[in-house]
Amino acid sequence: MLEKNYEPKSFEKRIYDDWMEHDYFRAEIDPEKTPFTIVIPPPNITGQLHMGHALNNSIQDAIIRFRRMQGYAALWLPGTDHASIATEVKIVEQLKKQGETKEMIGREEFLKRAYQWKEQYGGRIIEQLKSLGCSCDWSRLAFTMDERCSNAVKEVFVKLYDKGLIYRGSRIINWCPDCRTALSDAEVEFEEEDGFFWHIRYPAKDGGEGVVVATTRPETMLGDTAVAVNPADKRYAHLIGKTLILPLVGREIPVVADSYVDMEFGTGCVKITPAHDPNDFEVGQRHNLEVIRVMDDGGVINENGGKFRGLDRYEARKKIVEELKACGALVKIEPHRHNVGHCYRCHTTIEPIVSRQWFVKMEPLAGPAIEAVRSGEIRFLPKRFEKIYFNWMENIRDWCISRQLWWGHRIPAYYCEDCGHTVVAKEEPSVCPACGGHRFRQDEDVLDTWFSSALWPFSTLGYPEKTADLAYFYPTDVLVTAYDIIFFWVARMIFSGLEHMGKIPFKKVLFTGLVRDAQGRKMSKSLGNGIDPLEIIDKYGADTLRFSLLNGIAPGGDTRFSEEKVEGCRNFVNKLWNASRFVLMNAGEEVPKPDPDRFTLADKWILHRLNEVTAEVNANMERCELGLAGAKLYDFIWSDFCDWYIEMAKPLLYGEDLPAKKNTLAVLISVLTDTLKLIHPFIPFVTEEIYQKIPGASGSIMVAAYPAEREDRRYPGEASAMESVMEVIRSIRNLKAEMGVPPAKKLNFYVVEHGGDAAHKASLYLEKLGNAAEVRFLKEASELSGQAAVINSTLFDVYLAMGELVDREKELARLAAERKNAEAELNRARGKLSNQGFVSKAPQALIDAEREKAEKYARLCEQIEEKMRALGG
RNA sequence: GGACAAUUAACUCAGCGGGAGAGUGCUUCCUUCACAUGGAAGAAGUCGGGGGUUCGAAUCCCUCAUUGUCCACCA
């Protein structure tokens with residue numbers, strides 16, 4: 001028997017342990033089965049479970065449970081990401097507290113501390129996923145820096161290098177002066193900021209007035225090596241080729257012509273700093289300009305900055321502006337709002353800097369990756385995200401993959417200490433192929449975290465070894481991820497899979513939205529509006545949290561989360577709990593089998609409805625429309641099963657007719673069991689807890705077969721008749737409420753059938769659910785005079801004998817309103833039918849339906865009028 | 001500057017060519033033995049504005065408005 005109250009805490013942990021003990025999560029290679037694979041987006045080892053994780057992993061778990069129950073060899077492969085920058089920042093913070101720095105303890109010791117940190121905290125989020133109910137195959141738990149993944153990283157690096165797709169070069173990159181590392185383009189976040197536009201005069205060497213340039217970063221002038229104007233700009237045509245004197249510095253710089261310059265913007269003259277601006281860098285390349293780097297790795301002016309050396313970039317800016325003003329070179333200052341790039345980890349303003357880094361050549365990789373999505377081989381859900389993907393892939397620039405950090409995959413490049421020759425290899429070479437030397441120095445840098453994440457769908461399965469797992473489970477079926485990492489991760493997995501496996505990494509990408517707060521704001525640490533999923537689990541249980549995240553969501557759509565919504569879902573789970581309790585209370589030890597010959601109208605209706613819902617849920621699960629599937633189940637359980645079927649079952653259950661009683665119980669159990677299975681992927685714990693108590697149920701619900709549509713549960717005729725009966729019952733209740741009859745007051749019902757037997761079959765429900773004293777059947781209603789109110793329906797009419805309670809005026813008014821409604825419907829149907837266009841062009845079925853409606857309402861109008869005449873209206 | 005999305009009941013959202021739906025909230029009634037985390041009934045929306053296509057538009061097309069997001073980054 002179930003406990004009186006639904007208390008998730010009392011069983012969630014026990015059930016999860018039980019699942020683990022039975023090894024239900026473990027995926028076995030089975031040639032008889034079709035594989036279905038999901039690889040988890042590996043959470044950072046620094047991470048704590050937040051709502052985004054909760055949503056994302058609830059979705060994955062629902063999908064994998066659904067497929068597992070369907071009979072697939074379902075693998076959900078879990079793991080964590082070493083999160084290079086994020087983790088390194090944490091370790092550095094920790095060191096700082098102890099008064100230490102990276103440099104003080106050295107690389108080896110630093111890595112030791114980092115691994116310790118990983119051991120201590122890296123498993124935290126895994127435990128949190130377990131409390132959410134995630135059915136990951138923990139025996140395959142991976143880590144981006146474990147031996148397997150590291151081996152894949154080295155393999156891929158060497159392969160790409162040998163193919164010429166990885167190169168080392170001095171290019172302009174995004175530099176974070178705080179993290180002191182290079183970043184890829186994707187790691188820069190732009191934000192609008194108020195700044196200034198400083199107009200500075202650069203005089204000509206020959207004593208002419210020169211030009212005025214405008215800049216937002218005056219400190220970069222220390223590295224200027226030219227001024228550019230548009231070749232078509234008549235204003236400056238005479239200056240092209242002339243020499244200017246760089247103020248404060250005194251360097252002679254040329255005026256060059258380059259079409260990059262926009263004549264309309266600013267003064268039409270652009271100072272060119274090849275070492276500190278991406279566009280200027282390109283201009284510099286075209287004109288062979290000198291590249292003078294004036295800032296060091298900390299954003300401090302270096303020896304090339306002359307007297308400004310040692311000043312931080314902002315101090316230098318202030319000082320330079322002052323001096324320009326003093327020497328009269330500063331023409332004017334304008335306020336200027338512009339976008340400034342920031343580090344996505346520490347939010348420091350990015351400094352574009354020329355630096356020697358490792359890059360992946362993107363163009364040859366992007367082509368096939370675009371094609372895989374364009375051809376539909378990989379499908380994005382929803383499709384609109386494909387456009388974002390194409391836009392990025394088609395304009396992609398080479399990917400800067402080296403990071404000046406210690407925590408991560410160290411670049412497998414070795415430099416000969418004797419001749420400087422570079423060897424890229426998985427292991428340190430013993431002999432230099434160039435000079436025969438034996439001493440090597442490995443590259444100091446590590447790889448971008450996303451370099452290893454890009455290999456995740458196959459590195460976790462054993463690549464480059466040809467493992468059985470890789471052969472069986474790759475490519476994976478669906479990737480579930482938030483849309484904000486489409487560039488960081490999704491795109492890179494696609495080209496990596498194609499390049500290294502020769503196959504797409506996944507067939508579908510299901511994008512999740514952002515979880516927002518009740519006001520629609522993004523949940524964030526700084527706003528302090530985040531809700532901790534662990535607190536919700538603690539308070540309401542994991543099932544409730546899962547259902548409140550899954551119910552009603554749409555692929556790619558953001559969702560609002562509020563405790564109010566959570567309460568609603570808790571109430572729903574509680575409802576299911578109590579409905580189950582009701583069924584189990586009435587069930588004995590034996591397992592009754594439903595007997596189709598004894599099915600009542602209500603039985604057939606609920607089985608038909610269950611069948612419809614089963615079909616809809618299956619279809620929506622196939623399409624990854626979990627939100628719709630959840631909503632269908634919610635409605636079915638609450639409205640159809642609880643509000644109606646259980647109520648209809650009660651009179652039989654409490655009655656004397658033993659076979660009827662047994663059969664009703666059998667239907668109840670059968671419907672409940674299938675419903676539990678259908679909703680198990682959403683709320684796994686509570687469904688398991690209930691399932692275990694159902695007589696005759698064996699094993700775990702999580703490995704039971706997922707219900708499919710059944711031909712022997714189709715009763716369209718009876719279902720429709722039952723719906724009519726339900727409609728009449730609703731009308732009876734409504735009528736009593738409107739006429740001011742207390743709900744507890746039992747009335748006599750007189751029923752007149754319109755030639756069928758629906759009311760005869762449903763008389764029990766009319767009596768119990770309509771709260772009648774007695775239900776009698778009449779041939780016609782003439783004998784009821786004015787002592788009864790009437791409910792008309794297509795199949796039969798119900799007269800409620802109210803004796804003196806009937807208020808003639810009220811009943812007349814009610815009938816008049818009903819007639820008005822029926823007439824409106826009749827007119828609408830007739831209007832359509834008299835529309836030549838409709839009759840000639842609409843589908844025949846629709847026209848027939850409209851004709852039927854017209855007839856039905858015409859008949860109804862007559863009945864109502866007859867009744868009104870009888871009342872003397 | 002470009003792209004994408006949203007705009008439906010007080011709130012949160014479904015519906016996406018054939019009669020406006022749900023949940024929450026609100027109003028009234030009901031403690032009957034699964035559940036008051038409940039039951040019954042009800043009020044509530046010219047489906048953002050304007051055009052168009054169609055026999056028929058919340059649904060398709062155009063346009064405008066508002067909101068949000070992403071990309072680009074003209075110094």
Side-chain angles (χ1 to χ4, degrees), chain A residues 2 4-6 190 192 197 213-217 220 227-228 260-273 277-280 283 336 338-341 382 384-385 387-388 390-392 395 483-484 486-487 513-514 516 518 520 522 540 544 551-554 556-562 564-565 567-586 627-628 631 634-635 638-639 642-643 646-647 650 654 729-730 733-738 740 742-744 769 771 824-825 828-829 832 835-843 845-847 849-850 853:
Chain A
L2 291 177
K4 170 113 203 246
N5 293 313
Y6 164 59
F190 283 92
E192 259 205 350
F197 223 7
V213 297
T215 181
T216 54
R217 293 184 298 151
T220 62
V227 166
Y260 149 72
V261 179
D262 179 353
M263 295 191 289
E264 308 295 317
F265 191 81
T267 61
C269 301
V270 184
K271 58 188 271 312
I272 302 297
T273 323
D277 183 280
N279 291 310
D280 293 7
V283 173
H336 184 61
H338 61 143
N339 273 332
V340 179
R384 66 185 135 92
F385 287 110
K387 220 166 177 174
I388 295 175
F390 290 139
N391 184 45
W392 192 71
N395 298 298
Y483 57 70
D484 54 358
I486 196 165
F487 310 131
L514 266 30
R516 298 175 174 279
K522 215 165 161 172
Y540 299 95
T544 292
N551 190 32
I553 52 160
D558 290 353
T559 173
R560 294 194 191 198
F561 191 89
S562 63
E564 206 180 43
K565 205 181 227 172
E567 276 176 20
C569 290
R570 187 267 321 267
N571 294 353
F572 168 68
V573 178
N574 181 63
K575 186 79 182 174
L576 176 62
W577 177 266
N578 277 295
S580 306
R581 214 159 66 84
F582 170 79
V583 174
L584 296 177
M585 265 171 60
N586 288 286
L628 293 178
Y634 181 102
D635 287 345
W638 205 311
S639 307
C642 294
D643 288 346
I646 285 184
E647 292 309 316
K650 278 178 183 173
Y654 299 149
I729 291 169
R730 269 190 281 262
R733 290 165 173 170
N734 170 239
L735 184 141
K736 286 174 79 175
E738 266 184 31
L769 276 62
N771 198 24
E825 294 296 334
R828 216 167 48 78
K832 273 195 174 181
N835 181 337
Q836 208 44 49
F838 179 76
V839 184
S840 61
K841 293 190 177 169
L846 211 63
I847 298 170
E850 218 53 47
K853 259 184 226 167

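In what follows, chains are A, B, ... by sequence order, proteins preceding strands, each numbered from 1.
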Please enumerate all residues that pass ring-ring contact (aromatic ring centres under 6.0 Å, His included) together with [X], with sequence neighbours excluded.
X: A:Phe197; result: A:His199, A:Phe265, A:His336
X: A:Phe838; result: none
X: A:Phe572; result: A:Phe547, A:Tyr634

Item to check | Rounded P spacing from B:A57 to B:G48 in Å | outcome: 15 Å

Name the nucleic acid region contacted by [X], choosing base, sugar-phosphate or nothing; use a 4.0 angstrom heavy-atom cut-off, strictly under.
X: A:Glu850; answer: nothing
X: A:Lys650; answer: base
X: A:Lys853; answer: base
X: A:Pro278; answer: nothing

Item to check | For A:Glu192, all residues meeting side chain to side chain donor-acceptor pair (under 3.5 Å), sequence neighbours excluded | outcome: A:Arg337

Return the set of residues passing side chain to side chain contact (heavy atoms under 4.5 Å, CB included) with [X] (not counting sequence neighbours), or none when no residue passes.
X: A:Pro278; answer: A:Ile172, A:Pro352
X: A:Asn571; answer: A:Trp638
X: A:Ile388; answer: A:Phe385, A:Ile486, A:Phe487

Checklist outcome for this item: In 5'-to-3' order, the base (B), backbone-only (S) or no-contact (-) status of each nucleotide in nucleotides 38-45 of chain B, using a 4.0 angstrom heavy-atom cut-off, is SSSSS---

Checklist entry - Are A:Asn391 and A:Asn395 close enough that some pair of their side-chain heavy atoms sits under 4.5 Å apart? => result yes

Item to check | Nearest to side-chain heavy atoms of A:Arg516, which nucleotide of B:C35, B:A34, B:G68 | outcome: B:G68

Nearest-Å distance, [atom1] ([X]) to [atom2] ([N])?
X: A:Glu567; N: B:U37; atom1: CD; atom2: C1'; answer: 8 Å
X: A:Asn835; N: B:A57; atom1: CG; atom2: P; answer: 11 Å
X: A:Asp484; N: B:U69; atom1: CG; atom2: C1'; answer: 11 Å

Nucleotides 9-14 of chain B: which of its N/O atoms have a protein N/O under 3.5 Å away?
from: B:U12; atom 1: OP1; to: A:Arg560; atom 2: NH1; distance (Å): 3.2
from: B:C13; atom 1: OP1; to: A:Arg560; atom 2: NE; distance (Å): 3.4

Checklist outcome for this item: Sorted by position of nearest nucleotide on RNA chain B, 5' first, the leading residue of A:Pro743 and A:Tyr483 is A:Pro743

Checklist outcome for this item: Pairing string of RNA chain B (Watson-Crick or G-U wobble, both atom distances under 3.5 Å; | = paired to other strand) is ((((((((.[[[[.)..(..]]]].(((((.......))))).....[[[[[..)....]]]]])))))))....

Give each protein N/O atom lying under 3.5 Å from an N/O atom of nucleotides 1-5 of chain B, with the pair distance.
from: B:C4; atom 1: OP1; to: A:Lys387; atom 2: NZ; distance (Å): 2.8

Next on the checklist: So, OP1 or OP2 of B:A34: does either fall under 4.0 Å of a side-chain N or O from A:Tyr654?
Outcome noted: yes

Check nucleotides 73-75 of chain B for protein N or O atoms closer than 3.5 Å to its own N or O atoms and list the pairs.
from: B:C73; atom 1: N3; to: A:Asn339; atom 2: ND2; distance (Å): 2.3
from: B:C73; atom 1: N4; to: A:Asn339; atom 2: ND2; distance (Å): 2.9
from: B:C74; atom 1: OP2; to: A:Asn279; atom 2: OD1; distance (Å): 3.3
from: B:C74; atom 1: OP2; to: A:Asn279; atom 2: ND2; distance (Å): 2.0
from: B:C74; atom 1: O2; to: A:Asp262; atom 2: OD2; distance (Å): 3.1
from: B:C74; atom 1: N3; to: A:Asp262; atom 2: OD2; distance (Å): 3.1
from: B:A75; atom 1: O3'; to: A:Thr216; atom 2: OG1; distance (Å): 3.3
from: B:A75; atom 1: N6; to: A:Asp262; atom 2: O; distance (Å): 3.0
from: B:A75; atom 1: N6; to: A:Phe265; atom 2: O; distance (Å): 2.5
from: B:A75; atom 1: N1; to: A:Asp262; atom 2: N; distance (Å): 3.3

